[in-house]
Amino acid sequence: MTRFRPVLLGAAGLAGLLLVIELAPRTGLVDERFLPPASRILAALAREAGSPAFWAALGDTLVAWALGLAVAAGAGVLAGLVIGSVPALRALTASTVEFLRPIPSVALIPLAVLLYGTGLGSTLMLVCYAAFWQVLVQVLYGVADVDPVAFETARSFRFSPWARVRYVLWPTALPYVFTGVRLAASVALVLAITAELVIGSPGLGKEIAVAQASEAVPAMYALIVVTGLLGVVINVAARFSERRFLAWHQSVRGEI
Amino acid sequence: GSSDDASGTDGVDAVKVGVIPIIDVAPIYLGQKQGFFKSRNIELTLESGQGGAAIVPGVVSGQFQFGFSNLTSLMIAQTKNVPIKAVAAGVASTGQDGADFGGVVVKADSPIKTAADLAGKKISVNTLKNIGDTVVRESVRKKGGDPKDIAFVEMPFPNMPAALAEGQIDAAWVVEPQLSTIKAAGGRVVASTFVDAAPNLTVAAYFASTKLVQEDADLVKRFTEAINESLTYADAHPDEVREVLGSYTKIDEKLRASLILPKWPVEINEASVQKLAELGNTDGIFTGSPDLAELLP
Amino acid sequence: MLEVKGLRKVYQAGGREVEALRDLTFTVDRGELVCLVGPSGCGKTTLLRCVAGLLDPSGGEVEVDGKAVDGPPPGMAVVFQEYGRSLFPWMTVKANVELPLKQKKVPKPRRAELVEQSLDAVGLTGNADAYPWQLSGGMQQRVAIARAVAYEPRTLLMDEPFAAVDAQTRADLEDLVRSLWKRLDVTILFVTHDIDESVYLGQRVVMLSSSPTVVQDELTIDLPAERDQLTTRADPRFAELRTKVYQQIQLAKKGA
Amino acid sequence: MLEVKGLRKVYQAGGREVEALRDLTFTVDRGELVCLVGPSGCGKTTLLRCVAGLLDPSGGEVEVDGKAVDGPPPGMAVVFQEYGRSLFPWMTVKANVELPLKQKKVPKPRRAELVEQSLDAVGLTGNADAYPWQLSGGMQQRVAIARAVAYEPRTLLMDEPFAAVDAQTRADLEDLVRSLWKRLDVTILFVTHDIDESVYLGQRVVMLSSSPTVVQDELTIDLPAERDQLTTRADPRFAELRTKVYQQIQLAKKGA
Amino acid sequence: MSFMRKIGYAVGLPLILFGLWFVLSSGSESFYAPPLGTILTAFGDTWTWPAIRADVLPSLLRLAAGYLLAAVVGVTLGVAIGLDRRLRATVEPVLEFFRAVPPPVLVPVIMLFAGIGDAMKVIVIVFGCVWPILLNTVEGVRAVDSVQLETARAYGVTGPARITRVILPSASPQIAAGLRQALSIAIILMVISEMFAASNGLGFTIVQFQRSFAIPEMWSGIILLGLLGFGLSLLFRLAERRALRWYEGLRAAQRTR
Ligand SMILES: Nc1ncnc2c1ncn2[C@@H]1O[C@H](COP(=O)(O)OP(=O)(O)OP(=O)(O)O)[C@@H](O)[C@H]1O
Ligand SMILES: Nc1ncnc2c1ncn2[C@@H]1O[C@H](COP(=O)(O)OP(=O)(O)OP(=O)(O)O)[C@@H](O)[C@H]1O
Ligand SMILES: [Mg+2]
Ligand SMILES: [Mg+2]
C-alpha cells in the first residue's frame with residue numbers, strides 16, 4: 001500500500017458519510033427540518049467559520065480539552081504505573097476505583113459549579129474526572145501484560161525499580177497507553193463540550209446550546225460536525241505518533 | 001459599591017448573572033446595551049447556562065450574584081430551604097388566549113381539538129414536576145378534562161418539534177421560538193396554559209442568594225432598579241427586542257419577526273404566584289408549602 | 001561459591017501439581033565452570049531460576065557466597081532459554097546490550113567499548129542498530145549472549161545458550177565462554193543438551209536424573225585447562241568422558 | 001515436488017535493507033527428505049517461510065507440485081523455530097495438537113487417536129491437559145513436533161525442531177521423523193545446525209552460503225535407507241560425509 | 001490471598017475515605033455538600049425496595065441490553081477493522097467522527113430514528129460505550145503475534161476458526177480491558193440517556209433530585225451509582241477470571257517472587 005492510500009480511503013469514508021447525510025433527508029428518509037442535508041449543514045458551517053465568535057469558541061473548547069487531557073493523561077499514566085507495579089496497592093485501590101469510575105461527570109456539575117463557577121475551572125474538573133479513568137484502566141491492563149521473561153531479565157540484571165518501570169513496564173504498557181489516550185482524548189472533548197453545553201462556559205458546547213434553543217438546526221449540525229472533525233484530526237495525530245513511538249510493536253511493524 | 005469581593009476600585013460592582021439563552025431574558029441584554037446597569041455602577045456579565053442545574057448552585061455559591069429562573073423552580077427551591085430570594089420580575093404571560101408565548105401544541109391533523117382532549121395523552125414538557133405539567137393540568141381541568149392520566153414526557157424544548165412531527169408525542173408544551181416553528185409547520189395551539197393558569201401570570205423572576213440580599217442590600221436595590229428599567233424599556237420597544245435577540249441567540253431573522261413576545265411587567269403578580277403555588281400543591285410537586293412572603297421581595 | 005542444598009520445587013497451578021525438583025544438592029566453587037546436563041523437562045531451567053533468585057523454592061536452599069539467595073544477587077548475568085522473549089523488542093540490539101551496563105553505572109565510553117567488543121565477539125558487528133525481531137533466531141540468541149558477556153558478571157548462568165546457532169558459531173562461542181571465564185574468573189553454571197559440549201566446556205559435569213529430579217551423578221573433567229576445538233575433542237580421554245556422561249544420561253532416562 | 005527457482009528475498013524496514021536470500025535454486029522431489037544446513041542468519045528460516053507460502057519473495061519463485069506457491073499449500077505442516085510462540089497459550093497441549101486436525105475435518109475418534117499417538121511418540125503422555133506455558137522449553141518444542149506429526153502432512157517443513165531437547169530425546173525424535181517419512185511418504189525439508197543430524201536424517205543435504213545467500217553445495221547421502229543410531233553413525237561413510245559437509249560449511253563461513 | 005485478606009483490601013480504602021468524608025462534612029453548612037450523615041439517612045429513605053423496583057431495575061435492564069449489544073457490536077466490528085487494513089483506513093475517520101460527538105447532542109438525532117422509548121436509551125448506551133471495546137479490539141487484533149498467525153495459516157486454520165480460535169483469544173486480554181472500560185461508561189450513559197424523555201430510571205431520579213434541590217437524595221443516588229459500578233465490576237472480574245485463566249496463568253507463571 002502506498003503512503004497516500006490510507007488518506008484517500010479515509011477521505012472516501014468521510015465522503016460516503018456526507019453522501020448519506022445528503023441523501024437521507026432528500027429522499028425523505030428523515031424530515032429535513034430536523035436533519036438537514038449535508039450541503040445545507042456545510043453552508044451553515046461556512047457561515048459559522050466567518051464569524052470571530054466561532055473561532056473564539058473553538059479556541060476555548062480546545063484549551064479546555066488540551067489542558068484537561070494533559071492533566072488526566074499525566075495523572076492516569078503515573079497512577080497506573082505506580083498502582084500497577086505494586087500488587088498490594090492495586091488490591092487496595094481496586095474497589096475505590098471501581099466505585100468512582102461510574103459516577104457520571106454530569107451528576108457532578110452542581111459540585112463543579114459550586115467549586116469553580118462557570119468558567120474554565122469547572123469544565124476542567126469534569127474533563128479530568130472523566131478522562132482520568134480511561135487512561136488509568138488502560139495502563140493497569142498494560143502493566144499486567146508485561147512478558148515474565150522480559151521482566152525476569154530486568155530483575156536478574158538488578159534493574160532499579162525506576163529502570164524496571166522505565167525500560168520494561170512502560171514500553172509494554174505503551175500500546176495500551178496509546179489506546180487509553182485516544183479514548184481519553186475523545187472523552188475529554190465530549191466532556192468539554194457537554195460541560196459547556198450545560199454549564200454555559202464559553203466554547204463550542206455553549207454555541208451548540210444556543211443554536212438548539214434558537215431553532216437554528218443547520219447551525220447546530222454544523223457545530224456538531226466541527227466537534228466530529230476535531231475528533232478525526234485528533235485521531236490522525238494519535239496514529240501518527242503511534243507510528244513513531246510504536247514502530248517496534250507487532251501492531252505497527254506487522255503492517256510494513 | 002459595598003459588595004465585598006465583587007467591587008471594583010472605582011466603586012463599580014462587577015456582577016455576574018446566570019441566564020438561559022432564550023427570549024425571556026431579552027430585556028437584560030437590552031438593558032445592558034442601553035446602559036441601564038452601567039449608569040447604576042454595575043458592570044454586568046451575562047453567563048448562559050442550561051437551566052437550574054448550573055444557575056442555582058452558581059448563585060448559592062456566590063459565583064453569580066443573580067440568576068434567572070421560573071417561579072415554580074424557585075418555590076421548589078424555597079421548600080427545600082435553598083437560601084435564595086426573588087429580587088425582580090422576570091417575564092410574564094401576555095394574558096391573551098391563543099396568543100401567548102407558550103402553550104400546548106398539536107399536529108395539524110391531530111384529533112385533539114381542545115385542552116379537554118389532552119386527557120390521557122402523551123405530552124412533552126421540558127422538566128417534569130415543574131411549571132410545565134402544573135399549568136397543563138390546570139388547562140385540562142378548566143376545560144372539564146381529567147388530567148390524572150396524562151403521560152408527561154420530559155425532553156428539551158429544541159427536541160419537541162421533531163418528536164411531535166414523528167408522532168412520538170401527542171402534544172407538546174412549548175415556548176417560543178419552538179412554538180412558532182411548530183405553528184409554521186401547521187401545528188395548532190390547543191391551550192394557552194399560562195393564560196389558563198392565572199390572569200397575567202408571572203412566569204419567571206430574577207433571584208439572588210439570601211446572603212447577598214442581607215449583606216449588600218444596596219447592590220440588590222440598584223440591580224432591581226436596572227432590571228425594572230430594562231423590563232419597561234423592553235415592553236415598550238418590541239422591535240429592539242427582536243433585534244437584540246440576534247445578538248445572543250441564533251434565531252434567524254424571519255423567525256424573529258414572527259415570534260410572539262411575552263410581557264415584561266415590572267411587578268411580580270403575587271396573586272398569580274399564589275395560584276402557581278396552589279397548583280403545585282394540588283399536583284404534589286412540593287414537599288411542603290412554599291413560603292411566598294419569604295421568597296418574594 | 002554457590003551452594004544448592006536439598007532444593008525442592010513443586011509447581012502448583014490449576015489442579016496440576018508437578019514436582020519439578022525433588023532433592024538437589026551440589027556445590028559450585030568460586031570461579032568454577034560447571035555444566036549441567038539432564039533429560040528435557042527434568043528441571044534444569046527451574047533450578048537455574050532458583051539459583052538466580054527469580055523463583056522461590058518449595059524447599060531447601062540456595063546460597064551464593066554464603067548468603068541465602070532471596071533475590072537476584074549482584075553481579076549475576078543470566079542467558080535465558082527463551083532468548084527471544086528476554087530481549088526487549090522496543091530497543092535496538094545495541095541498546096539491549098547496553099542497558100544492564102547503564103544499570104551497573106559503567107561510564108559511557110567504557111560502555112560503548114564493551115558493547116562493541118561483545119557484539120564483535122558473537123559475530124554481530126553491523127547489526128547493532130537492528131531491532132531483535134529483525135534478526136534470525138540464532139542472531140537473537142547471540143545478542144542475549146553478548147549482553148551477558150558485556151556485563152562482565154561474577155556469576156554467569158546460561159540455559160542452553162547455543163541451541164539456535166550453527167555448529168561453527170557454536171564452537172566459536174564455546175571458546176568465547178571459556179576465554180571470558182579465564183579472563184574474569186567468573187563462576188559459570190552452564191546448562192546444555194550437547195554432551196560433547198558439556199565435556200569440552202566444563203571443569204565438572206553435573207548430571208540430573210529425569211523427573212522427579214535428583215543429582216544422578218557428577219563427573220570431574222580432567223582434561224587439560226588449555227582446550228582447543230580440534231585437539232581436545234580428538235583427545236581419547238575426551239571420548240572416554242563423553243561416553244561416561246552418555247551412559248549416565250541413558251541411565252537417567254531409563255530410571256524414569 | 002518442490003521447486004525453488006532463483007529465490008530472492010530482501011527485507012526492508014526502517015531504513016535497514018537486508019538481502020537475506022540472493023539467488024536460491026534447488027529441487028526436492030516428491031517423498032524426498034532433504035536437510036538444509038547453513039550458518040546462523042543465512043536465511044534458512046526465510047527460505048522455509050517462502051516455501052510455506054507465508055512470506056512473499058522479492059524475486060524468483062517457489063513451486064509445489066507444479067503450482068506456484070502463493071499461500072500455504074494444503075497438506076503442509078510447519079514446525080517453527082520459535083516453537084514457544086507458535087503454540088497457542090490459551091489452549092491445552094491436547095487442544096493445540098487437535099486444532100489443525102479439526103480444521104482438516106478428521107473425524108473425532110480418529111482425532112483422539114492421532115493426538116494420543118503423537119503425544120506418546122514425543123514422550124509427552126500425561127501432559128495432554130497442561131498448558132504450553134507450564135512446560136519446559138524442550139517439552140514445548142515436542143508439542144510443536146507432535147502437532148506436525150499428528151497432522152499427517154504431505155509436505156513437512158521443520159526449522160531446527162530439535163534444538164531444545166536433550167541428546168537422547170533428539171535421537172528418538174530423529175528416528176520418529178524417519179519412520180513418519182517412510183510410513184506416509186512425506187516430502188520433508190529439514191533445517192538443522194547439527195551436521196551429524198543432517199547426514200543421519202537426509203537423503204540429500206543442501207548447504208547454504210552465508211549472507212548474501214546462495215546454494216553453496218549439495219550432497220547426496222548415499223547411506224543405506226535403513227538407518228540406526230548406532231550402526232549408521234559408526235559407518236565410515238558417515239564420517240566421510242559429515243566431514244564433507246563440515247568443510248563446505250567452513251568454506252561458507254569464510255566466504256562471508 | 002486469604003478470603004478475609006481480600007475483603008480487607010476491598011473495603012479498607014473505601015472505609016477510610018468514607019470516614020474522612022463523614023468527619024470533614026459533619027459540620028457542613030453548604031447547601032450542595034451536606035453532611036454525609038444526612039446523605040446516608042436520605043439513602044435509607046430513598047432507596048427502598050419499591051424505589052429500586054421502579055427505578056433501578058428498569059435502568060439495569062437497559063444497561064444490560066446496551067452493554068451486551070455494545071460488546072457484540074464492538075468486538076465484531078473491531079475484529080473486522082483490525083484484520084483489514086483497507087477497511088480500517090476507510091472507516092476509521094468516520095468512526096472517529098462519531099466518537100467525538102457528545103452523546104447529549106446526539107440524542108436528538110437518535111430520537112429521530114429510534115423514537116423516545118427504551119430503544120433510544122439502549123442505543124445511546126451502545127453508542128457511548130462501544131468505543132473502548134472497539135478500539136481495544138482493533139488494537140488487540142492488530143497485535144496478534146505474527147508467529148501465531150503464521151502457525152494458523154500454515155495449518156489451514158482459516159475462516160471462522162481462525163477468528164474464534166486464534167484472533168479472539170489472543171486479543172482477549174485487551175478486549176477485556178475495553179469491556180471493563182465500557183462497563184462504567186455504560187453506567188454513565190445510562191444516566192445521560194435518562195435525561196431525555198424518560199419517566200423512570202436511576203439516572204432520571206438523580207436528575208430529578210438535582211432539579212428539585214433534593215441534594216442529600218441526589219448524593220445518595222450518586223453513591224448508589226458507585227455501588228452499582230463496584231458490584232458490576234465484581235461480576236465482571238469473575239467472568240474475566242474464568243475467560244482469561246490461561247492468560248493470568250501465563251503471566252503469573254514465573255512471577256513467583
Ligand atoms: N510455570 C510452570 N507451571 C507448572 N509447571 C511447570 C512450570 N514451569 C515448568 N514446569 C514443569 O516443571 C518441569 C521442569 O521444567 P524445566 O523448564 O525446569 O525443565 P528443563 O530441564 O529446563 O527442560 P528443557 O531441557 O526441556 O528446557 C517440567 O515438567 C515442567 O512441565
Ligand atoms: N523481519 C525481518 N526484518 C528484517 N530483517 C530480517 C527479518 N527477518 C530476518 N531478517 C534478516 O534476514 C536474515 C536471515 O534471517 P533468517 O531468520 O532467515 O536466518 P536463519 O538462517 O534462519 O538463521 P538462524 O539459523 O539463526 O535461525 C538475517 O540477516 C536477518 O537479520
Ligand atoms: Mg529448560
Ligand atoms: Mg532461523
Under the side-chain hydrogen bond (donor to acceptor under 3.5 Å, both in side chains) rule, collect the residues that match up with Asn235(A), sequence neighbours excluded.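 Arg182(A), Glu92(E).
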
Quick one: side-chain contact (heavy atoms from CB on, under 4.5 Å) partners of Glu242(A), sequence neighbours excluded?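 For Glu242(A) the side-chain contact (heavy atoms from CB on, under 4.5 Å) partners, ignoring immediate neighbours, are Phe178(A), Arg239(A), Leu246(A), Val252(A), Glu139(E), Arg142(E).
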
Any heavy-atom pair between the side chains of Val60(B) and Pro83(B) that's under 4.5 Å?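 They are in contact (side-chain heavy atoms under 4.5 Å apart), so the answer is yes.
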
Do Leu230(A) and Leu204(A) make a side-chain contact, defined as non-hydrogen atoms from C-beta onward lying under 4.5 Å apart?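 They are in side-chain contact.
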
For chain B, the option from Pro202(A), Ala53(A), Ala213(A) that forms the most heavy-atom pairs under 4.5 Å: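 The candidate making the most pairs under 4.5 Å is Ala213(A).
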
Greater than 12 external heavy atoms within 6.0 Å of Phe152(B)'s CZ: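 Yes, enclosed.
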
What part of Pro161(B) is in contact with chain A, defined as an atom under 4.5 angstrom from a non-hydrogen atom: side chain, backbone, both or neither?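 Both the backbone and the side chain of Pro161(B) come within 4.5 Å of chain A.
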
Can you say whether Glu207(A) sits under 4.5 Å from chain B via the side chain, the backbone, both, or neither, judging by heavy atoms?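 Backbone plus side chain of Glu207(A), per the 4.5 Å heavy-atom cut-off to chain B.
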
Could you give the side-chain donor-acceptor pairs of residues 183-195 of chain A under 3.5 Å, partners two or more places apart or in another chain?
| unit_1 | atom_1 | unit_2 | atom_2 | d |
| --- | --- | --- | --- | --- |
| Ser186(A) | OG | Leu183(A) | O | 3.1 |
| Ser186(A) | OG | Arg99(E) | NH1 | 2.7 |
| Thr194(A) | OG1 | Val190(A) | O | 2.6 |

In sequence, state the C-alpha distance, the side-chain angles, and the governing distance for Asp170(B) and Ser110(B), and then conclude on side chain to side chain donor-acceptor pair (under 3.5 Å). CA-CA 8 Å; Asp170(B) 300 314; Ser110(B) 167; over 6 Å; no

What do the steps show when you test Glu22(A) against Ser39(A) for side chain to side chain donor-acceptor pair (under 3.5 Å), and what is the final call? CA-CA 7 Å; Glu22(A) 179 71 33; Ser39(A) 50; 3.2 Å; yes

Among residues 172-183 of chain B, which ones touch chain A with a heavy-atom distance under 4.5 Å?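 Against chain A, the residues of residues 172-183 of chain B that fall inside the cut-off (heavy atoms, under 4.5 Å) are Pro177(B), Gln178(B), Thr181(B).
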
Under a 4.5 Å cutoff for heavy-atom pairs, which residue among Glu47(B), Lys16(B), Lys250(B) has the most contacts with chain A?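 The candidate making the most pairs under 4.5 Å is Lys250(B).
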
